[in-house]
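In what follows, a structure is listed as structure tokens, so that the remarks can point back to it.
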Amino acid sequence: MTYYVISGDGQRYGPADLATLNQWAIEGRLLANQMVEDESTGIRMAASSVPGLIFPQQAPTGGGYQQYPRATASGYAGQSDITQAWVFGALGLCCCGFIFGILGLLAANRAERAGNPNATAPKIFNIAVIVIWVVGGFLRGIVFRSANPFF
């Protein structure tokens with residue numbers, strides 16, 4: 001039997017036979033809870049339900065195996081989203097921080113979903129930009145009201 005492997009974004013890979021699937025499981029490229037689709041019937045199931053498919057035991061630390069980040073010719077997948085996140089965050093420090101911070105946060109989340117391991121730093125940076133602008137706006141409102149009591 002052959003199966004398609006379904007990635008987190010819904011893309012199908014394969015078909016692959018049982019020997020190939022077992023090799024992918026050993027390499028950590030196929031996880032037990034990942035979905036596969038039987039090529040002949042179209043039925044989807046967890047990879048752990050495929051007869052004859054053997055997954056390595058978890059690491060002694062309990063961390064288990066994770067899927068490798070997808071690489072492209074220019075580095076990790078989602079690298080352009082990482083760049084966008086940093087640019088939006090930098091623009092957010094200059095002006096319209098709340099809007100640019102949200103856009104940067106969305107770009108960092110896209111990179112994270114693509115499997116880019118470098119998405120955490122721009123995500124934290126953009127959250128900080130949003131917080132700075134929200135707190136700054138609140139403080140400006142307090143100062144403005146105290147300076148103009150009739151306003």
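Worth knowing before you read on, the calculation uses all heavy atoms, side chains too, and leaves out hydrogens, waters and symmetry mates. A quick note: this is a predicted structure, and the numbers were derived from the prediction, not measured.
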Contacts satisfying salt bridge (charged side-chain N to carboxylate O under 4.0 Å, His left out) that involve residues 114-126 (not counting sequence neighbours) are Glu112-Lys123

Residues Trp133 and Gly92: closest non-hydrogen pair is NE1-O, 2.6 Å

Note: Ser7 and Tyr13 closest approach over all heavy atoms is CB-CE1, 3.6 Å

Distance col, row Leu91:CG vs Cys96:SG, nearest 0.5 angstrom, shows 9.5 Å

Hydrophobic cluster identity match, Met45 and Phe55, side-chain contacts under 4.5 Å | yes

Applied to residues 82-99, the salt bridge (charged side-chain N to carboxylate O under 4.0 Å, His left out) test, sequence neighbours excluded, yields none

Separation between CD1 (Ile54) and CG (Leu18), nearest 0.5 Å, reads 8.0 Å

- Query: After noting the C-alpha distance and the side-chain angles of Ile43 and Glu37, does the key distance pass the side chain to side chain contact (heavy atoms under 4.5 Å, CB included) rule?
  - Reply: CA-CA 5 Å; Ile43 296 174; Glu37 181 181 306; over 6 Å; no

Yes or no on side chain to side chain contact (heavy atoms under 4.5 Å, CB included) for Ile102 and Phe100, after CA distance, side-chain angles and deciding distance? CA-CA 5 Å; Ile102 295 290; Phe100 283 123; over 6 Å; no

Worksheet item: Any side-chain heavy atom of Gln34 within less than 4.5 Å of one from Ile6?
Response: no

For this session: Begin with the C-alpha distance, continue with both residues' side-chain angles, and end with the deciding distance and a verdict on side chain to side chain contact (heavy atoms under 4.5 Å, CB included) for Val36 and Val50.
Result: CA-CA 8 Å; Val36 295; Val50 175; 3.6 Å; yes

Group every Ile, Leu, Val, Met, Phe, Trp and Tyr by side-chain heavy-atom contacts under 4.5 Å, then state whether Leu103 and Trp86 land in the same group.
no

One should read off an interatomic distance between Tyr3 OH and Leu30 CG, to the nearest 0.5 angstrom, of 12.0 Å

Are any side-chain N or O atoms of Asn22 and backbone N or O atoms of Gly52, one a donor and one an acceptor, separated by less than 3.5 Å?
yes

Taken to the nearest 0.5 Å, the spacing of Ser49 OG from Asp38 CG works out to 12.0 Å

Among the clusters formed by ILVMFWY side chains lying less than 4.5 Å apart, do Phe98 and Phe88 turn up in the same one? no

In one Ile/Leu/Val/Met/Phe/Trp/Tyr side-chain cluster, 4.5 Å: Met1, Leu53: yes

Next item on the list: Tell me, with the steps shown, if Gln23 and Arg29 meet side-chain hydrogen bond (donor to acceptor under 3.5 Å, both in side chains).
Entry: CA-CA 9 Å; Gln23 182 61 39; Arg29 294 172 51 197; over 6 Å; no

Taking every heavy atom of Asp81 against every heavy atom of Ala107, the minimum-distance pair comes out as CB-O, 3.3 Å

Here the gap from Ile82 atom CD1 to Thr120 atom OG1, rounded to the nearest 0.5 Å, amounts to 8.0 Å

When Met35, Arg44, Arg12 are each screened for side-chain contact (heavy atoms from CB on, under 4.5 Å) with Tyr4, the one that passes is Arg12

In short, Ala108 meets Pro122 closest at the heavy-atom pair CB-C, 4.3 Å

### Query
Any side-chain heavy atom of Gln79 sitting closer than 4.5 Å to one from Asn116?
yes

Does atom CD1 of Ile99 have more than 12 heavy-atom neighbours from other groups under 6.0 Å away?
-> no

(message) Side-chain heavy atoms nearer than 4.5 Å, only ILVMFWY residues, links allowed to pass through others: does that put Val135 and Leu93 together?
(response) no

Rounding to 0.5 Å, atoms CG (Leu105) and CD1 (Ile124) come to a distance of 11.0 Å

